[in-house]
Protein chains: 2
Amino acid sequence: MSRLSATIDDVARVAGVHRSTVSRALNPQTQVKLSPETTRRVQQAARKLGYVPNAVARGLRTNESMSVGVVIPDILNPIFPPIISGIDSILRPAGYTALVTDIQGGQNAYEAALASLRQRRVDGLILATAHLDDGESFHRLHEQGVRAVLVNRAAASSPFPLVHGDDTGGMRAALDHLATLGHVRIAHLHGPEGLSTTEGRRAAFDEWSRQHPEVTVTASYCGPLTAEGGQEIMDALLDASTEAQSRPTAVVTGNDLMALGALRSLRVRGLHCPEDMSIVGFNDMPFADEFSPPLTTVRVPLRQLGVESARLLVQQLHGEGSGAMELTFPVTLMVRGSTAPPRG
Amino acid sequence: MSRLSATIDDVARVAGVHRSTVSRALNPQTQVKLSPETTRRVQQAARKLGYVPNAVARGLRTNESMSVGVVIPDILNPIFPPIISGIDSILRPAGYTALVTDIQGGQNAYEAALASLRQRRVDGLILATAHLDDGESFHRLHEQGVRAVLVNRAAASSPFPLVHGDDTGGMRAALDHLATLGHVRIAHLHGPEGLSTTEGRRAAFDEWSRQHPEVTVTASYCGPLTAEGGQEIMDALLDASTEAQSRPTAVVTGNDLMALGALRSLRVRGLHCPEDMSIVGFNDMPFADEFSPPLTTVRVPLRQLGVESARLLVQQLHGEGSGAMELTFPVTLMVRGSTAPPRG
DNA sequence: CTGTTAGCGCATTCAA
DNA sequence: TTGAATGCGCTAACAG
């Protein structure tokens, strides 16, 4: 930033003390060991020179960068700002800077992001990426001494703490709601296979349907977790069942963006939600209640997910290590305008 | 991250060369000066040891952190993810890491964020914060050799490049649209005073109204740039004009979140948009077209703002310095469902 | 309570 | 083409 900023030696010279004394005077931890008079003189000199401690040099010496890598799959997905905000609200007061890394493009970008963060010697990692197949890589990271927390995702057997919403309970609540309304043909429009959220929600869907033989699970479609993906697979679903008789009357989508796309698909075809099709989303992303119609969806406490994941990581970094564990937050079905009894 | 990672000396030992040779072999710039055989041996040793270069140590030596501070007022405002995404798409390929800092709480947090970023020795700054009164502080930063770009904001006299949308043109387009529809009583629900976007848009509003004496500008309300703020000041506006006769029939809001709040205010009172009140937002934030009704708003090319600001900063960092300059992007009025001719 | 000494890991200048 | 020496700015032993 400024090439010409004063160093600790400059301050020492002005204050007439040794650099180590300056270091002590400027560090709250060690400050107590100095005479108040010296402390005062040093701080005055520092202010006079506009001294800004060099965190890079300190990091090299202490082997702590006081930074944390936060890896997310897509910053344009509105569920992440609340999560990031929650993370930041814990990290910042604890003295850590979050290095938020959006990996947009998938696995390659993920590897690159990890490499970049390791070069920067982040003290820990908060991973919100959802690829299920990196369970093995987690163990490798763990063996290398990496501190990490996984958020908004599950994992087969994770050596790191897990923080996520109760996907199973959420899916059950959604399906119970639809069944109570009288729906007997329900589809699940889920996200890409291999994502932990996809698999977890789909497993819950399958389990529920086994327990409710009176309800026909007509189909399960798969697409990207975006509005475009949701629109495409709702199109496909509508195309597949030409006779309205056999068509599902309700769907649960993999997330709210997909639900949004499904709404668009209906609109384009002149169909109406909830009259022609009930839709339940997942997450309760910001503004889901402003859609037309307001989206019935499973609310996940996103900000809280962020807060707790950061808290767990800071604990690890402080050596109050909580190793493998799972923190599951209850979710709430928000019943709004996109669900209603089936027509007829 | 991993406490026990190999150093350049470890690699040197395994490869049977000196550390400086390792440094050269691993740096594309200096690699040419080595024999291919040596380069190969070093790289092989590095791979074998799982060597990860230490960016902290390099930063101390080179006085470059290869990081850039990105300061934003509120990550929960949906206009920022696209901007951040645009920034990242330039910074990352150029080798820089974005340190995104959300200052939520205003001026104190802003100062703290700047201090933190300076300690980390970021190479440059992208500022999306909008306080108008820090024009002076910009000059101070500039004199200290700080490299920076201001995005999504104007400034009285900035020593740094400015990248923003054409607020004046956007406001004019919005008002022309409303006038064409037949509105003759229009209000501007703007954001907090002292924000550059507030002042710019308000000035354009005032100028337009001077040129259109046939249109009554009944009032100008001020509140925070949030949905809650928008709802409050729409409430106030409706309370103030009890007789529907004198009430404005259309409003332009400071941003889309305020427009959203205004919509809620109407809904709570049993009024309808656009029948009882036309609303024009500003920015075209993600999902503004999904509101009920879909929001007529001024589209600002948010992602592009991010891209260009990052490009300008990287130029500065490469010494291809473009100093003070202003990059104004054209905006587009997106006419959707929230505007219509006034009733009667 | 304060000074001395040492070295974190790397890039770079100067020799050879 | 490679090796040797130096120091970026800081904190942490260890003395005194």
Side-chain angles (χ1 to χ4, degrees), chain A residues 1-43 45-46 49-66 95 118-123, chain B residues 1-43 45-46 49-66 95 118-123:
Chain A
M1 203 147 146
S2 51
R3 308 259 160 276
L4 18 68
S5 75
T7 77
I8 204 172
D9 282 317
D10 298 326
V11 179
R13 203 173 316 115
V14 170
V17 297
H18 193 264
R19 37 202 298 214
S20 58
T21 303
V22 175
S23 175
R24 291 180 188 114
L26 266 30
N27 189 321
Q29 307 282 347
T30 52
Q31 206 177 89
V32 292
K33 307 189 156 196
L34 293 186
S35 83
E37 158 61 12
T38 307
T39 304
R40 201 193 51 72
R41 219 170 58 245
V42 170
Q43 287 177 339
L49 291 175
Y51 171 68
V52 179
N54 186 328
V56 177
R58 174 185 299 156
L60 179 59
R61 177 62 230 240
T62 61
N63 200 26
E64 280 189 335
S65 65
M66 296 307 284
R118 303 193 65 176
Q119 291 195 191
R120 297 199 122 79
R121 293 299 192 268
V122 293
D123 298 326
Chain B
M1 201 144 146
S2 49
R3 309 256 160 279
L4 20 68
S5 76
T7 75
I8 204 172
D9 281 317
D10 298 326
V11 179
R13 203 173 316 114
V14 170
V17 296
H18 194 264
R19 34 200 294 212
S20 55
T21 303
V22 175
S23 175
R24 292 181 186 113
L26 264 31
N27 188 320
Q29 306 283 349
T30 51
Q31 207 176 88
V32 292
K33 307 190 154 196
L34 294 184
S35 83
E37 160 60 14
T38 308
T39 304
R40 200 193 52 70
R41 220 171 55 245
V42 170
Q43 288 176 338
L49 292 176
Y51 171 69
V52 179
N54 186 327
V56 177
R58 175 184 297 155
L60 179 60
R61 176 64 229 244
T62 61
N63 200 26
E64 281 190 331
S65 65
M66 296 308 283
R118 302 193 65 176
Q119 290 196 192
R120 296 200 123 80
R121 294 299 191 268
V122 293
D123 298 325

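To find a chain, count down the sequence lines: A is the first, B the second, and so on, and within it residues start at 1.
Distance CZ (B/R58) to C1' (C/dT12): 13 Å, rounded to an integer number of Å. A/R118 places its CZ atom 17 Å from the C1' atom of C/dG9, with the value rounded to the nearest Å. As rounded to whole Å, 9 Å separates atom C1' of D/dC8 from atom CG of A/L60. The interatomic distance linking B/N54 (CG) with C/dG9 (P) rounds to 7 Å, in whole Å. Rounding to whole angstrom units, CG of residue B/L49 and C1' of C/dG9 are separated by 15 Å. Rounded to whole Å, atom P of D/dC8 lies 11 Å from atom CG of A/D10. Across the protein-nucleic acid pair, A/R40 atom CZ and C/dC1 atom P stand 16 Å apart, rounded to whole Å. Distance A/D9 CG to C/dG3 C1': 13 Å, rounded to the nearest Å.
Between the OG atom of B/S35 and the CZ atom of B/R41 there is a distance of 7.5 Å, given to the nearest 0.5 Å. Interatomic distance, CZ of B/R13 versus OG1 of B/T7, reported as 7.0 Å (0.5 Å rounding). The line from CG of B/L26 to CZ of B/R24 is 12.5 Å long, rounded to the nearest 0.5 Å. Here CZ of B/R120 is found 11.0 Å from CG of A/N54. Values are rounded to the nearest 0.5 Å.
One finds a side-chain N or O of B/T21 lying less than 4.0 angstrom from the OP1 or OP2 phosphate oxygen of D/dG3. Between A/S23 and D/dT11 there is a side-chain N or O to OP1 or OP2 distance below 4.0 Å. Taking side-chain N and O atoms only, B/T38 has a distance below 4.0 Å to OP1 or OP2 of D/dT2.
Between the side chain of B/R41 and the base of D/dT2, no donor-acceptor pair under 3.5 Å is found. With hydrogens and angles ignored, no donor-acceptor pair under 3.5 angstrom links the side chain of B/R121 to the base of D/dG9.
Side-chain proximity of A/L34 to C/dT2, D/dT2, D/dT6: nearest is C/dT2. The side chain of B/H18 has D/dG3 as its nearest neighbour among C/dC1, D/dG3, D/dT2. In this structure, the nucleotide among C/dC14, D/dA5, C/dG3 sitting nearest to the side chain of B/R24 is C/dC14.
Contact check for B/Q31 versus B/Q43: side-chain heavy atoms found under the 4.5 Å cut-off.
Using a 4.0 Å heavy-atom cutoff across all strands shown, A/S20 reaches at least one base atom of the nucleic acid. Across all strands shown, A/T7 has heavy atoms under 4.0 Å from sugar-phosphate atoms exclusively, and none from any base.
Mapping B/V17 and B/T62 onto DNA chain D by nearest heavy atom places B/V17 closer to the 5' end of the strand.
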